[in-house]
Chemist: 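A single structure is presented below for examination.
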There are 2 protein chains.
Amino acid sequence: MENDNEPLTPIEAEVINVFVRGVQLVGLPKSIGEIYGYLFISPEPVSMDKIKSKLNISVGSASQGLRQLKSFRAIKATYVAGERKDYYVAETEFRKLIYGFFNEEIKPQVDELEQRLIHIKPMVDQYGDLSEHYKSRLDKVERWRKLSSSLIGKVITFVNI
Amino acid sequence: MENDNEPLTPIEAEVINVFVRGVQLVGLPKSIGEIYGYLFISPEPVSMDKIKSKLNISVGSASQGLRQLKSFRAIKATYVAGERKDYYVAETEFRKLIYGFFNEEIKPQVDELEQRLIHIKPMVDQYGDLSEHYKSRLDKVERWRKLSSSLIGKVITFVNI
DNA sequence: TTATGTTTTCAATAAATTCTGAAACCATTG
DNA sequence: CAATGGTTTCAGAATTTATTGAAAACATAA
């Protein structure tokens with residue numbers, strides 16, 4: 001019989017649910033939380049085939065989820081002797097998890113904002129009476145951008161478990 | 001002629017786009033960013049009717065967006081003499097914005113996780129050889145939860161513009 | 001009281017996102 | 001070389017989320 005659905009144990013289900021809720025909080029899909037959660041609670045490295053079976057998701061969903069988690073460095077591939085399949089383990093240092101997520105999802109946006117502000121700022125000169133107000137507001141956004149950028153570094157330093 | 005669509009100026013459109021991108025980064029819908037962005041760049045308090053006209057969104061979307069922004073304390077209602085309509089202004093202190101968002105979206109989830117971990121932890125005893133591994137992992141999640149909780153306070157203290 | 005202005009609500013619709021699973025691709029085995 | 005195991009890709013389907021706009025609700029004016 002083919003290796004189809006394998007049930008999760010109660011504690012596996014509960015821990016996976018914790019991570020499903022957690023990733024949804026930062027705007028990531030449920031399947032990302034499922035995959036990470038299962039790897040997190042697993043005592044040994046896990047193959048994609050096993051992920052598919054235990055979580056009852058498609059191979060496509062498993063593949064794309066693994067790819068995205070790898071891009072966050074939230075999981076890593078690990079070598080298992082005598083196996084052709086790839087095996088994965090969860091990253092379990094909080095600091096690294098946060099760094100990966102920020103680096104991949106937040107930092108590019110904050111950096112791009114810097115460029116866009118350079119482009120927007122000269123526009124205030126076209127607005128006569130409103131120029132002072134607009135300049136003030138854009139200065140505020142610039143300060144928030146700089147603050148966000150340095151905040152990321154602070155957060156990562158603080159999270160030093 | 002009815003008060004239908006009023007065009008945005010170039011700088012209004014650019015600033016609104018900045019906030020649309022910003023809110024999408026934290027998993028909120030585009031219309032929230034549009035409304036906040038428009039209030040942010042506006043030199044004076046704005047009515048819902050005006051928001052609807054300038055942003056070309058429905059009255060329902062405007063109403064629900066205003067309600068959600070109010071719940072984050074990202075905007076506040078303000079009195080305009082001689083007007084029956086409600087008028088709104090943007091909160092422009094970064095610290096207050098972050099506090100509102102965390103308080104409304106993040107803190108409740110972190111608090112709930114505390115309760116769920118209390119429920120999950122006793123389950124490890126059922127798993128024989130795996131108990132130590134599971135206990136270790138749940139302890140790690142508990143430490144991450146506590147760290148997240150105190151991190152929120154740190155972030156808000158740091159953001160003291 | 002009715003009329004009018006304004007906001008809220010929510011079922012239906014539209015749009016966006018996620019997932020599926022088969023085809024394509026790639027690497028290893030025979 | 002072909003066969004097989006394993007992963008990636010992606011068009012279409014399914015699901016979820018956001019928006020619409022009319023009805024309902026509410027407050028004020030007449």
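Letters go in sequence order (proteins before strands), and every chain restarts at 1. This one's a predicted model, so the numbers in the text were calculated from it and none came from an experiment.
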Chemist: Mind telling me whether B:Trp144 and A:Phe94 have parallel, tilted or perpendicular rings, with 30° and 60° as the class edges?
Modeler: parallel
Chemist: Of all the choices, D:dT8, C:dT8, C:dC10, which nucleotide is nearest to the side chain of B:Met48 once you look at every atom?
Modeler: C:dT8
Chemist: Can you tell me the distance, in whole Å, between the NZ atom of A:Lys52 and the P atom of D:dG6?
Modeler: 12 Å
Chemist: What's the OH-C1' distance between A:Tyr87 and D:dG5, to the nearest Å?
Modeler: 12 Å
Chemist: Measure the distance from CG on B:Leu55 to P on D:dA18 and round it to the nearest whole Å.
Modeler: 17 Å
Chemist: Using 4.0 Å as the upper bound for N to carboxylate O, is an ion pair formed by B:Glu6 and B:Lys50?
Modeler: yes
Chemist: For the pair made of CG in A:Leu66 and C1' in C:dT18, what is the distance, rounded to whole Å?
Modeler: 16 Å
Chemist: With the side chain of A:Arg84 defined as its heavy atoms from C-beta on, choose the nearest nucleotide among C:dT29, D:dT7, D:dA27.
Modeler: C:dT29
Chemist: Once you round it to whole Å, what is the distance between P of D:dG6 and NZ of A:Lys50?
Modeler: 14 Å
Chemist: Rounding to a whole Å, what distance do you find between B:Gln68:CD and C:dT9:C1'?
Modeler: 15 Å
Chemist: So does B:Glu14 pair up with A:Arg116, basic N to acidic O under 4.0 Å?
Modeler: no
Chemist: Using a cut-off of 4.0 Å on non-hydrogen atoms, how would the nucleic acid contact of B:Ile57 be classed: base, sugar-phosphate, or nothing?
Modeler: sugar-phosphate
Chemist: Hey, does the side chain of A:Ser31 come within less than 4.0 Å of C:dT18's phosphate (OP1/OP2), counting only N and O?
Modeler: no
Chemist: Would you say B:Arg73 has more than 12 foreign heavy atoms packed within less than 6.0 Å of its CZ?
Modeler: no
Chemist: Find which nucleotide of DNA chain D each of A:Arg67 and A:Glu83 is nearest to by heavy atoms, and output the residue with the more 5' nucleotide.
Modeler: A:Glu83
Chemist: Which comes earlier along DNA chain C counting from the 5' end, the contact point of A:Ser58 or that of B:Lys85, where each point is its nearest nucleotide?
Modeler: B:Lys85
Chemist: Would you kindly compare A:Ser61 and A:Asp86 by the position of their nearest DNA chain D nucleotide and give the one closer to the 5′ end?
Modeler: A:Asp86
Chemist: Starting from P on C:dT7, measure out to CD1 on B:Ile35 and report it in whole angstrom.
Modeler: 13 Å
Chemist: Between A:Glu34 (CD) and C:dT18 (C1'), how many Å, whole number?
Modeler: 12 Å
Chemist: What about B:Val15 and A:Met123, same hydrophobic cluster or not, with Ile/Leu/Val/Met/Phe/Trp/Tyr joined at side-chain heavy-atom distances under 4.5 Å?
Modeler: yes
